[in-house]
Each structure stands twice: as C-alpha cells, then as structure tokens.
Amino acid sequence: MSDDSRPKSEFLARLVERGFVHQCSDLEGLDEQARKGGLAAYIGFDCTAPSLHVGSLLPIMLLCWLQRTGGRPLPLMGGGTTRVGDPSGKDESRKLLTVAAINANKASIKSVFETFLAFGPGAADALLLDNAEWLMGLNYIDFLREVGRHFSVNRMLAMDSVKLRLERQHELSFIEFNYMCLQAYDFVEVNRRYGAILQMGGSDQWGNIVAGLDLGRRMGTPQLYALTSPLLTTASGAKMGKTAAGAVWLNADQLSPYDYWQYWRNTEDADVARFLKLFTFLPLDEIARLAALAGAEINEAKKALATEATALVHGRAAAEQAAATARATFEDGALALSLPRVAVGAEDVTNGLGVLSAFVKAGLVASTSEARRQVRSGGLRVNDLAVTDDRALIGEKDFDNNGVVKLSLGKKKHVLLALS
C-alpha cells in the first residue's frame, strides 16, 4: 500500500498494517470520521453458549484496537436476537434456547469482555449493550410498518445465509428469515441511542451489516459504515477455534489456561507471524524479529504467541504459569502439578478404574472406542508409560505421593487424575 493510500487515522492504520481489514463500505469516509476522534463502533455477539470461543477473538481485538486508538467500543450482547438464531453459515436451524439459558450465557460471557476492554462512563470507555433492550418491546405490526417495509424479499432471498440454505434444499424457518431484519434494526438503534456509526464483524456478516447500513439510510440516520475482518483458517485450511477435542473456549471454566496456551503453542509454522499480528499487541518490529526465526527457533516465537494470547484472556500470571508448566513437562521432564486436573473419588479406584474410562473422564478422548484406537496406535500413556492393554486398570498404587496419576495423549496433551 502506498503512503497516499494508507489510512491517516491511527485506528484504521493499525487495522490495515496488522491484517484486520477484509471489506469496508467506505474506507476513506470512515478514515475521515476516525481522524475526527470519538469514533463509536459496535460488534454483535449472540449468546448461544456459556462462553465465546477463539472464533470470536478477532472481532474482540477489533474493539480493543478501537479503544486503544481513542474510540469507544460497544460490544452488543444478542439477548434478543439469540432467541431467533442467526442462519449465517448453517445448514440447519439452530436450537432455540430458553430465556433462562440465554440469560445464563450472557452472564457467563460478560466476564470475557471485561478482560479485554476498560468499562466506565468516559468518552472512550466501553459500554456493554444488549439488544433485548429494544427488541423485546417491539410491537410486531408497528415493526412491519416502520422497519419491514424497507426490506425487499428479492434482496433477502439473494443473501448468502438464505440462498445457500435454499440451494441445498435445507429448511429455513420463518423466524430465521427475520434475523437479518432484527440485526439491521440493531444498527439503527445503536446509532440512535449511543451514536455508533460503525458496525464491525467477520466477513460472513457482511450482508447483514450492509443491510443495517441500508436500513439506516432509509430511516434517516447519519452516514453509517461497515467493516469486516477476514474469516480465518490455518495454513492447512482448518477453521480457527476448532480442534479434534472441540471448541477452544475463552472462559477458564470451559477450557483451562494451560490448554488454551497449548492451543496457541501448537500453531503451524506458517501462521505464527500472522497470528502474532492479529492476536497480540506486540510491536510490529518485535513480531518481525520473531517471524524471522527459523528451524527449531520458531518454537520460541510460538511460545511468545501462546503466552501473549493467553495473557489477554486469562491474565499475565496465568499465562506465565501455563508456560512454566509446559516447560517443566516437556523440556525438564518433571511432573508439573499445575497441569489440568480431573477429580476421581477414592471409591472409583479401590477396585481399579478402567484405563479407557479414565481417559474419557479426563476429557482426553471422546469415547472408550476412541481410547481403544489410541491404545492400538501407542498414543496413550499413564505416568509416562505406554498403555498396551486396553483392559488395564488404574489403582491406588498408580497414584504418587501427591495423589495424582498423569494421563497423556500423545506428546502434548496431559491431565492429572487426582484423588478427591
């Protein structure tokens, strides 16, 4: 990018140089608004689970950079839209959650934003919003007259979230068909109530965001802007946020800081520089130094990525503890007592706990059949000894003086089975 085309505002300059920008409705216009200062922007997060996962991390980082450059981040909880379900990227309808489940999820997710953003009454302080505030009180007929009349069914049918579902002959419920109307209306309300002129999100949300921009124009709001980040895949083509063991959750009660650290430590070589730019606040010159490491030294860059990324979510102390645990386990060969633990009752091991069941209980495998396959391939170890008999039992004699047994899947996944 030439100096003439490079954004002049600090906010967009940071996003562009670190690889955050995929699409923008009007980059020059948004750049000018950002240069004026006080830019307010929001991103919506539906409450479909008790925790967000790594797939939500890129949008959160967008809000972080907005606040770091003087803007006001407005994370928006989908207390209302979660009751409908976003059809984007789905071949089947989402399961409708109860109101109690949605509220519980909201409460659990809130803590994640508090680790990334500074909340308060100031002009650049974050404010946590919930679209239930305006969606739950809508009168259906009034909404159709005031908002629904601005939507063309022809354009709605052409939206990827609708078109792909219909092309594959998968059912699209009427309630899901309304989702884009509600999300678009969010943009209008967040602008009216909080002055936000920018909505950001992943590139799969482009159609929904632009629909809000268009609705705002039709309903007389000031100029609104849309910006999306790329949907990330790893160098091997895998989707970010998913592993063989399941989602990579941001809440510690869903995934331990140690396991979160390990997720980033296992980043593919080709992704290290890109992920350092996106998921840490390290200066670009330091990232360039780390990215230049080759051979075995690239592992130092991966450890830096793991520690910085974990510190953002779980705090510096937890990140450094995870790094120390990994070092003790993998480099020093010691039993790190800070490895993730799973409690087991003494009565469960009195007569011997089946080794396959133990690995399932520890969450290292999904089923006993998977554990049996791992035994055949030599992938399971108990106290660093390979499991060769799938009928073996773990008894009291296998627990050390600290009351733990070390279970290992491969070389990188370890859990302590602890007597309770």
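Below, all heavy atoms of this structure are taken into account, side chains as well, without hydrogens, waters or symmetry copies. Start at 1 with the first residue, then count along the sequence.
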Roughly how far, to the nearest 0.5 Å, is the CG atom of Asp390 from the CD atom of Gln374? 12.5 Å
Checking Asp271 side chain against Thr234 main chain: does a donor-acceptor pair fall under 3.5 Å? no
Which value, rounded to the nearest 0.5 Å, describes the distance between Cys47 atom SG and Ile109 atom CD1? 5.0 Å
Do Arg381 and Asp384 meet the salt-bridge criterion of a basic N to acidic O distance under 4.0 Å? no
Between the side chain of Gln67 and the main-chain N/O of Ala124, is any donor-acceptor distance below 3.5 Å? yes
Side-chain donor-acceptor contact under 3.5 Å, Asn105 with Thr48: no
In Å and rounded to the nearest 0.5 Å, what is the CG to NE2 distance from Leu250 to His314? 7.0 Å
Heavy-atom nearest pair, Ser256 first then Pro340, reads OG-CG, 3.6 Å
Taking the side chain as every heavy atom from C-beta outward, state whether Leu356 and Val375 have any atom pair closer than 4.5 Å. yes
Cation-pi check for Phe20 against Arg14: NZ or CZ below 6.0 Å from the six-membered ring centre and within 45 degrees of the axis, yes or no? no
Just checking, any donor-acceptor pair under 3.5 angstrom between side chains of Asp46 and Thr81? yes
Kindly say whether Ala319 contributes a backbone atom to a donor-acceptor pair with the side chain of Thr310 at under 3.5 angstrom? no
Checking Thr69 side chain against Leu66 main chain: does a donor-acceptor pair fall under 3.5 Å? yes
Would you please indicate yes or no on a ring centroid separation below 6.0 angstrom for Phe187 and Tyr42? yes
Any sub-3.5 Å donor-acceptor pair from Asn383's side-chain atoms to Val405's backbone N or O? no
Is the shortest side-chain N to carboxylate O distance from Glu308 to Arg316 below 4.0 Å? yes
Strictly distance-based, threshold 3.5 Å: is any side-chain N or O of Asn251 a donor or acceptor partner for the main-chain N or O of Ser108? yes
Below 4.5 Å, heavy atoms only, C-beta onward: do Arg35 and Phe11 meet side chain to side chain? no
Distance check, rounded to the nearest 0.5 Å: Leu224 atom CG versus Leu213 atom CG? 5.5 Å
Under the criterion side-chain hydrogen bond (donor to acceptor under 3.5 Å, both in side chains), which of Gln205, Gln23, Gln199 is the partner of Thr228? Gln23
Taking 4.0 angstrom as the limit, do Glu370 and Arg373 come out as a salt bridge? no
I want to know whether Phe113 and Phe45 have ring centres closer than 6.0 Å. yes
Any chance the rings of Trp249 and Tyr260 have centres within less than 6.0 Å? no
Could you go step by step and tell me if Asp259 and Lys413 meet the salt bridge (Lys or Arg N to Asp or Glu O under 4.0 Å) rule? CA-CA 8 Å; Asp259 287 330; Lys413 294 185 178 181; over 6 Å; no
Is a side-chain N or O of Asp130 found less than 3.5 angstrom from the main chain of Gly79, in a donor-acceptor match? yes
Distance check, rounded to the nearest 0.5 Å: His22 atom NE2 versus Leu231 atom CG? 7.5 Å
Could you measure the distance from the CD1 atom of Ile43 to the OG atom of Ser229? Nearest 0.5 Å is fine. 7.5 Å
Show your working on salt bridge (Lys or Arg N to Asp or Glu O under 4.0 Å) between Lys8 and Asp31 and close with a plain yes or no. CA-CA 7 Å; Lys8 305 298 189 297; Asp31 192 32; 5.5 Å; no
Any donor-acceptor pair under 3.5 Å linking the side chain of Thr280 with the backbone of Leu282? yes
So Leu76 and Asp186, side-chain contact (heavy atoms from CB on, under 4.5 Å) or not? Walk me through it. CA-CA 9 Å; Leu76 173 67; Asp186 281 346; 3.9 Å; yes
Verify the neighbour count for atom CD of Glu133: are there more than 12 heavy atoms of other residues, nucleotides or ligands below 6.0 Å? yes
